[in-house]
Amino acid sequence: MLNSFYAKLSALFLVLIVGLGVLLATFGVRAARQYADEVEQKLNRTLAEEMVPRFEPYLRDSIDTAAIEATIQDMTGINRRIEIYLLERDGDLKASFAVPDTELEQRRVDLGPVHRFMEGDDLPILGDDPMAVGTKRPFSAAHIEIMGRTGCYLYVILGSEQYASVASMVGESYILQTALWGLGLIVLIAAGVGLLLFRRLTQRLRGMQAVVADFEQGDFERRVEVASRDEIGRLGECFNRMADNLEDTMEELRQADRMRRELVANVSHDLRSPIASIQGYLETVSMKDGTLEPEERQRYITTALQNAKRLNTLVSELFELSKLETKQVDPTIEPFPIAELVQDVVMQYEPRAEEQGIDVQAELPEHHARVEADIGLVERVLSNLIDNAIHYTPDGGEVRVRLDNERDEVCVEVSDTGPGIPEDDLPHIFERFYRVDKSRDRDKGGAGLGLAIAKTILELHEQTLEVESTVGKGTTFRFRLPVERVGETV
Ligand code: ADP
């Protein structure tokens, strides 16, 4: 039963609150008792002193007990509960009045408290009660002369039987009883309210536990309802965040798995068709070797060669992309003039563009900035973008490579007047093996890896590759590189 957090908390709380109640009651009763002692002693501070002149006449030659008892009766009335003792100078009991001699348990009184009382110390001062060993009582005391011996003491124990025990004191006092009942009631109410609060608090924990258990069972949609900002609320928030992250990670894993399957399917498909084609052409050449016209034979071999080249490109690009994605390529970041690089790459593509009747040109700003990046990798990005632009732009089209100096970046834009990319395809063109027109591009040799490589390279530079395209008008790819930080280079 004590396994539940609520039961543990409640048990602890009840023990604490009952303990606290008992402590409070004990202290309260003790304080009340001390207060009563103090009042009694203050009211009767001079009692002993007042008795001395009335007793001394009966103590001159001998102790006239009967006369003294009569005087006491006379002075105090019948109900007054006091004990009166005559003490020697050393505290030994000489005589006692208003007390049967047989009831005396102690025949000597500690004079320390008596002296402090007579010196006027703060009250209450409690002294020995000869009728009860070890019990301290309020008293009044004064010097008295006994049979010619001065310096003896008249020692009066006040209210001796009044508070013989705590129980009798509580039993007799209406105020104390009421106070104790009140305290009991407060303890009861506090316990009730505390238990209710704990129940509410642990209910929230139980609710959270149910959610976590559901989550564990596979209900990944379950989330904790967070209604407050306290520790439990924050724990709920933490759980929700953790659940979100876990769900995201699982989704990523699922997607990675899907992509891996797709990749295997795509790779095998893309490898199979050029291999099949090479095999087919070579078989034909080998079978019909004697009957084939030289031109026909040449055509077959050229096609087989083209397919072999495609195969080679595909395998190299795959290898390159996999190295980039697994971060096996560590970019060497160094400053270089981007305008010169753009010019070089454009120049490399000029002959091919001319062949296709396409005008390719670089548009550079007057001020040539230097950027910080891996020159080899940036060249690869530019080549892929310019290659695509020339590849997809029809005869008579234009390809422009523009550089723009921005605040602390240089913006590189490769735009063409090609067919453009449909809006639905735009989000996917950076995926591996994604082709807008699958059949056409495969025949033309595009593997669908060029943009994936370019995007991954820019990600290694903490940059993004953006695309804007209008079908029938053209496409623009854009990325940025940081300008060289002057003063920080070696
Ligand atoms: P591919 O090897 O097929 O060119 P890419 O990853 O370079 O592979 O490009 C992915 C797809 O994006 C291409 O198949 C093509 O459909 C489309 N694409 C890329 N660049 C352009 C462009 N400049 N104009 C039109 N379509 C383009």
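Just follow the structure's listing: the first ligand is 1, and inside any ligand the first atom is 1.
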Legend entry - Set of salt bridge (Lys or Arg N to Asp or Glu O under 4.0 Å) partners for Glu237, sequence neighbours left out: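 Salt bridge (Lys or Arg N to Asp or Glu O under 4.0 Å) list for Glu237, sorted by chain: Arg229.
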
Heavy atom under 4.0 Å from ligand 1: found in [X]'s side chain, backbone, both, or neither?
{"X": "Asn384", "answer": "neither"}
{"X": "Leu451", "answer": "both"}
{"X": "Phe430", "answer": "neither"}

Closest to [atom] among [options] (heavy-atom distance):
{"atom": "atom 20 (N) of ligand 1", "options": "Leu314, Val414, Asn388, Ile453", "answer": "Asn388"}
{"atom": "atom 16 (O) of ligand 1", "options": "Val471, Thr313, Val436, Thr476", "answer": "Val436"}
{"atom": "atom 25 (C) of ligand 1", "options": "Leu321, Asp387, Ile421", "answer": "Ile421"}

Inset, instruction - Could you grab the distance from atom CG of Leu364 to atom CD of Glu340, nearest 0.5 Å is fine? - result: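 Rounded to the nearest 0.5 Å, the CG-CD separation comes to 10.0 Å.
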
Legend entry - SB check Lys455 Glu466 (cutoff 4.0 Å):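 No, this pair does not count.
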
Counting each atom of ligand 1 from 1 as listed, which ones have a heavy atom of [X] under 4.0 Å away?
{"X": "Ile429", "result": "10 (C), 12 (O)"}
{"X": "Tyr434", "result": "10 (C), 11 (C), 14 (O)"}
{"X": "Leu449", "result": "6 (O), 8 (O)"}
{"X": "Arg435", "result": "14 (O)"}

Inset, instruction - State, without any angle test, whether Asn245 and Arg241 hold a side-chain donor-acceptor pair at a distance under 3.5 Å. - result: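 No, no side-chain donor-acceptor contact under 3.5 Å.
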
Inset, instruction - Measure the distances from the heavy atoms of Gly448 to every atom of ligand 1 and state whether one is below 4.0 angstrom. - result: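 In this structure, Gly448 qualifies as a contact of ligand 1 - some heavy atom is under 4.0 Å.
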
Legend entry - Contact summary for Arg310 and Pro274, nearest pair of heavy atoms: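 Closest approach of Arg310 to Pro274: NH2-CD, 4.4 Å.
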
Legend entry - Nearest atoms (heavy-atom pairs only) where Leu126 meets Pro138: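 Scanning both residues, the minimum pair turns out to be CD2-N, 3.5 Å.
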
Inset, instruction - Kindly assign one of parallel, tilted or perpendicular to the pair Phe117 and Phe139, based on the angle between their ring planes and the thresholds 30° and 60°. - result: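 Tilted.
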
Inset, instruction - Ignoring angles and geometry beyond distance, decide whether Ala452 reaches within less than 3.5 Å of ligand 1 through its nitrogen or oxygen atoms. - result: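 By distance alone, the answer is no.
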
Legend entry - Residues which pass side chain to side chain contact (heavy atoms under 4.5 Å, CB included) with Thr249, listed by chain and number, not counting sequence neighbours: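 With neighbours one apart ignored, the set is empty.
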
